[in-house]
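Inspection log for the structure reproduced underneath, given as structure tokens.
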Amino acid sequence: MIAVIQLISSWAVPVLMIAIPLIGLARRVPVYESFVQGAKEGFNTAVRIIPFLVAMFVAIRVFQETGMMKLLVWFLAPIGSRVGIPEAVIPLMLIRPLSGSGALSTLAVILRDHGPDSLTGLIASTVQGSTETTFYVLTVYFGAVGVRKTRHSLAAALIADLAGFLMSVYIVHLVFGRA
């Protein structure tokens, strides 16, 4: 079974790269022109969202440089320890909704300092895979289409992130349950 999965995974992308243009040609779609038009629209979208991304990255940097991150970790550490969240994972939980690259570098530090097979490393890895870069996603998607009134999107996404954080901690403790 593993050999079949490996064979499929090694051929999936090349097959799609050939099949999609062939299907387009069979349906008499101007494949190259459609590709160029899509690339042009993608570039225009990227240019439109740059101001939103710059604002978000500046806010993240200010959050870190002002010491607000350290203050929040200090405040949340006693609460986190009561529910099984290692103090080293709290910065990841704070940065993950803001920045994927920031969260990845925070995860790398946690894994370097605690090891990937430690309870802290397992919780951090599960948090990284179970949550989303909420502010980045909302910035990019809503910025790309010009949405100004997000209604309940941010609250719902942050509640989902909190659920992902807490369930990551719970599941890792349940499955690996070691101190």
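It should be emphasised that the depicted structure is a prediction, and the values quoted were computed from it without experimental measurement.
Each of V47 and V54 belongs to its own hydrophobic cluster when Ile, Leu, Val, Met, Phe, Trp and Tyr are linked at side-chain heavy-atom distances under 4.5 angstrom. Clustering ILVMFWY residues whenever any of their side-chain heavy atoms sit less than 4.5 angstrom apart, transitively, puts F63 in the very cluster that holds L71. Criterion: ILVMFWY side-chain heavy atoms under 4.5 Å apart, direct or through other members. Under it, I8 and L16 are not part of a common hydrophobic cluster. Clustering ILVMFWY residues whenever any of their side-chain heavy atoms sit less than 4.5 angstrom apart, transitively, puts M69 in a cluster other than the one holding V58. Taken together through direct or relayed side-chain contacts under 4.5 Å among Ile, Leu, Val, Met, Phe, Trp and Tyr, V4 and V13 form parts of separate hydrophobic clusters.
We find the CE-CZ distance between M68 and F75 to be 10.5 Å, quoted to the nearest 0.5 Å. Atom-to-atom distance recorded for Q128:CD and L111:CG is 9.0 Å, nearest 0.5 angstrom. One distance of note links CD1 of I159 with CG of L162; it measures 8.0 Å at 0.5 Å rounding. Taking OG1 of T126 as the start and NE2 of H173 as the end, the distance is 10.5 Å to the nearest 0.5 Å. I171 CD1 to L166 CG: the interatomic distance, rounded to the nearest 0.5 Å, is 11.5 Å.
Side-chain contact between S81 and E87 is absent, with no heavy atoms from C-beta onward closer than 4.5 Å. At least one side-chain heavy atom of L92 sits less than 4.5 Å from a side-chain heavy atom of I110. Side-chain contact between L76 and L94 is present, with at least one heavy-atom pair separated by less than 4.5 Å. Residues Y170 and V83 are not in side-chain contact: their nearest non-hydrogen atoms beyond the backbone lie 4.5 Å or more apart. In this structure, the side chains of F142 and S153 come closer than 4.5 Å at one or more pairs of heavy atoms. At a threshold of 4.5 Å between non-hydrogen side-chain atoms, the residues F135 and L158 count as touching. Side-chain contact check for P97 versus F165: some heavy-atom pair is nearer than 4.5 Å.
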List the steps and the verdict of side chain to side chain contact (heavy atoms under 4.5 Å, CB included) for M93 and V169.
CA-CA 11 Å; M93 292 180 165; V169 172; 3.8 Å; yes

Working for side chain to side chain contact (heavy atoms under 4.5 Å, CB included), residues V172 and L119
CA-CA 8 Å; V172 169; L119 189 63; 3.7 Å; yes

Please step through side chain to side chain contact (heavy atoms under 4.5 Å, CB included) for the pair L154 and L138, ending with a clear verdict.
CA-CA 8 Å; L154 179 59; L138 292 178; 3.7 Å; yes

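In terms of heavy-atom proximity, V31 sits nearest to P21 at CG2-O, 3.6 Å. Nearest heavy-atom pair, I95 versus T106, reported as atom, atom and distance to 0.1 Å: CG2-OG1, 3.8 Å. Minimum interatomic distance between V29 and S34 (heavy atoms only, all atoms of both residues): CG1-OG, 3.6 Å. Nearest heavy atom pair, residue H114 against residue A88, reads NE2-CB, 3.3 Å. In terms of heavy atoms, R96 sits closest to V127 at NE-O, 4.4 Å. Contact between T66 and V62 at its shortest, heavy atoms only, is OG1-O, 2.8 Å.
For the 3.5 Å distance criterion, the side chains of E41 and Q37 qualify, holding a donor opposite an acceptor. Using modelled atom types, one finds no donor on one side chain facing an acceptor on the other under 3.5 Å when comparing T131 with D161.
Without hydrogens or angle criteria, S125 side chain to L122 main chain gives no donor-acceptor distance under 3.5 Å. When atom types are taken as modelled, the side chain of S118 and the backbone of G121 share a donor-acceptor pair closer than 3.5 angstrom.
Every pair passing salt bridge (Lys or Arg N to Asp or Glu O under 4.0 Å) that includes a residue from residues 56-83 is listed here, sequence neighbours excluded: R61-E65.
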